[in-house]
There are 2 protein chains.
Amino acid sequence: MKPKGVIMVEQAVFRAIADPTRREIMGLLSTRDMNLNEIANNFDMTRPAVAKHLRVLRDGRLISVRQHGRERIHSLTPETLKTVADWLSYYDQFWDDKLSNLKRAVEADND
Amino acid sequence: MKPKGVIMVEQAVFRAIADPTRREIMGLLSTRDMNLNEIANNFDMTRPAVAKHLRVLRDGRLISVRQHGRERIHSLTPETLKTVADWLSYYDQFWDDKLSNLKRAVEADND
DNA sequence: TTGACATGAAACCTCTAGGTTTCGTATAAA
DNA sequence: TTTATACGAAACCTAGAGGTTTCATGTCAA
């Protein structure tokens, strides 16, 4: 029985990673933390547009923000991607039994 | 240098899995092949609506269809999810070094 | 051959995603 | 204390996503 909150968070993650711009932002933030302007400089769109993408990423818990003076520093919180990995792992059995079995074994070991 | 086709296919996959109804359809088809009516019976929406979702899943190469008389049998092609797994694997390093290293080792072994 | 069934296709509707421009405000710097 | 900077918020626009109803067509079954 999955509680509703879990479902909605899961959906927010899938929604967040669905957009190519947002995945690109994640790639940027995987190298270093950045404020809004730094992120926006990498795209051919206005700053408010990028800010909206960041909002969606935040809703999906894929990034976090800390205030630093007048800047807002964004950093990646990639642990949230485990949600996707968990979903994916169910389908692993269909395309790579060897790997998925091993992966499950390791995960069990980690608990 | 990723060719454009790859990018677009990748985007089609991410788009396909972004919708909860479509992920549920994938879950259904992971148990057995089904025709349109069988799939649609599991949802509180009209058959044409479900047919549209199937179209998106086909665009993302996540399902395939074969004609059988007047029916169209849909089956899951989960190998396509490797696209997502590959994308995810880059972020593995940030949340589980032990597992991701092992995973990479196994994948290299499989090539 | 006639009727029921499985589906595709098209026209339409509504809402939202993704973008823009404009303006206001807090902070830093001169 | 001005002035420039970094940003949020709001109003707006457009295309497309996700749904509906209606109708046409090929196939199976009686």
Side-chain angles (χ1 to χ4, degrees), chain A residues 7-29 32-76 80 84, chain B residues 7-29 32-77 84:
Chain A
I7 294 178
M8 285 172 9
V9 168
E10 172 170 298
Q11 177 51 25
V13 175
F14 277 101
R15 191 207 153 187
I17 66 172
D19 186 276
T21 300
R22 288 194 286 268
R23 290 197 302 279
E24 208 174 330
I25 292 176
M26 292 178 65
L28 289 173
L29 293 180
R32 60 183 181 85
D33 294 357
M34 298 172 83
N35 66 25
L36 173 55
N37 272 328
E38 291 176 305
I39 299 172
N41 282 340
N42 290 275
F43 296 95
D44 189 28
M45 68 179 76
T46 61
R47 196 169 26 88
V50 174
K52 284 191 186 179
H53 283 300
L54 292 173
R55 171 81 218 178
V56 176
L57 286 168
R58 257 196 303 145
D59 289 345
R61 313 278 193 276
L62 285 166
I63 63 173
S64 67
V65 186
R66 64 180 185 280
Q67 196 85 26
H68 184 69
R70 58 183 165 181
E71 301 176 49
R72 306 189 50 150
I73 314 292
H74 301 75
S75 42
L76 198 64
T80 311
V84 181
Chain B
I7 294 178
M8 286 173 8
V9 167
E10 172 169 300
Q11 177 51 26
V13 174
F14 277 100
R15 192 208 151 186
I17 66 172
D19 185 276
T21 300
R22 288 193 286 269
R23 290 198 302 279
E24 208 175 329
I25 291 175
M26 291 178 66
L28 289 173
L29 293 181
R32 61 182 181 85
D33 294 356
M34 297 172 84
N35 66 25
L36 172 55
N37 272 328
E38 290 177 305
I39 299 172
N41 283 340
N42 290 275
F43 296 95
D44 190 29
M45 67 180 77
T46 61
R47 205 189 44 244
V50 173
K52 283 192 186 180
H53 283 300
L54 292 173
R55 172 80 219 178
V56 176
L57 286 168
R58 256 194 305 145
D59 289 345
R61 312 281 193 274
L62 286 166
I63 62 173
S64 67
V65 186
R66 65 179 184 280
Q67 196 84 27
H68 183 69
R70 57 182 166 182
E71 301 175 49
R72 305 189 52 145
I73 313 293
H74 301 77
S75 44
L76 197 65
T77 55
V84 181

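Below, chain A is the first sequence line, B the second, and so on; all start at residue 1.
Rounded to an integer number of Å, the gap from A/Asp59 CG to C/dA17 P is 10 Å. Protein atom CD of A/Glu38 is 9 Å distant from nucleotide atom P of D/dA6, rounded to whole Å. Rounded to whole angstrom, the span from the CZ atom of A/Arg72 across to the C1' atom of D/dT5 amounts to 16 Å. The interatomic distance linking A/Asn37 (CG) with D/dA6 (C1') rounds to 6 Å, in whole Å. Atoms CD (B/Gln67) and P (C/dA6) sit 13 Å apart, rounded to a whole Å. Between B/Arg66 atom CZ and C/dA6 atom C1' the separation is 16 Å, expressed in whole Å. Taking atom CG on B/Asn41 and atom P on C/dC5, their separation rounds to 13 Å, with Å as the unit. Between A/Asn35 atom CG and C/dA26 atom P the separation is 20 Å, expressed in whole Å.
Every pair tested for salt bridge (charged side-chain N to carboxylate O under 4.0 Å, His left out) that includes a residue from residues 42-51 of chain A fails, sequence neighbours excluded, so the list is empty. Sequence neighbours left out, the pairs with a member in residues 52-62 of chain A that pass side-chain hydrogen bond (donor to acceptor under 3.5 Å, both in side chains) are A/Arg22-A/His53, A/Arg55-A/Asp59.
The shortest side-chain heavy-atom distance between A/Arg72 and A/Leu36 does not fall under the 4.5 Å cut-off. Residues A/Val50 and A/Asn42 are not in side-chain contact: their nearest non-hydrogen atoms beyond the backbone lie 4.5 Å or more apart.
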Would you list the atom pairs, donor with acceptor, under 3.5 Å between side chains in residues 62-70 of chain B and any protein atom, with sequence neighbours excluded?
{"residue": "B/Ser64", "atom": "OG", "partner": "B/Ser75", "partner atom": "OG", "Å": "3.3"}
{"residue": "B/Arg66", "atom": "NH1", "partner": "B/Asp33", "partner atom": "OD2", "Å": "3.3"}
{"residue": "B/Arg66", "atom": "NH2", "partner": "B/Asp33", "partner atom": "OD2", "Å": "3.4"}
{"residue": "B/Gln67", "atom": "NE2", "partner": "B/Gly69", "partner atom": "O", "Å": "3.4"}

Practice problem: Heavy atoms under 4.0 Å is the rule here; annotate nucleotides 13-20 of chain D 5' to 3' with B where the base is hit, S where only the sugar-phosphate is, and - elsewhere. | Solution: ----SSBB
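Here B/Arg15 contributes atom CZ and B/Leu57 contributes atom CG; the two are 9.5 Å apart, rounded to the nearest 0.5 Å.
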Got a list of protein N/O to nucleotides 25-30 of chain D N/O distances below 3.5 Å?
{"residue": "D/dT27", "atom": "O2", "partner": "B/Arg70", "partner atom": "NH1", "Å": "3.4"}

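Legend: residues meeting side chain to side chain contact (heavy atoms under 4.5 Å, CB included) with B/Pro48, ordered by chain and number and at least two apart, are B/Thr46. Listed by chain and number, the residues in a side chain to side chain contact (heavy atoms under 4.5 Å, CB included) with A/Asn41 amount to none (sequence neighbours excluded). For A/Glu38, the side-chain hydrogen bond (donor to acceptor under 3.5 Å, both in side chains) partners are A/Arg32, not counting sequence neighbours.
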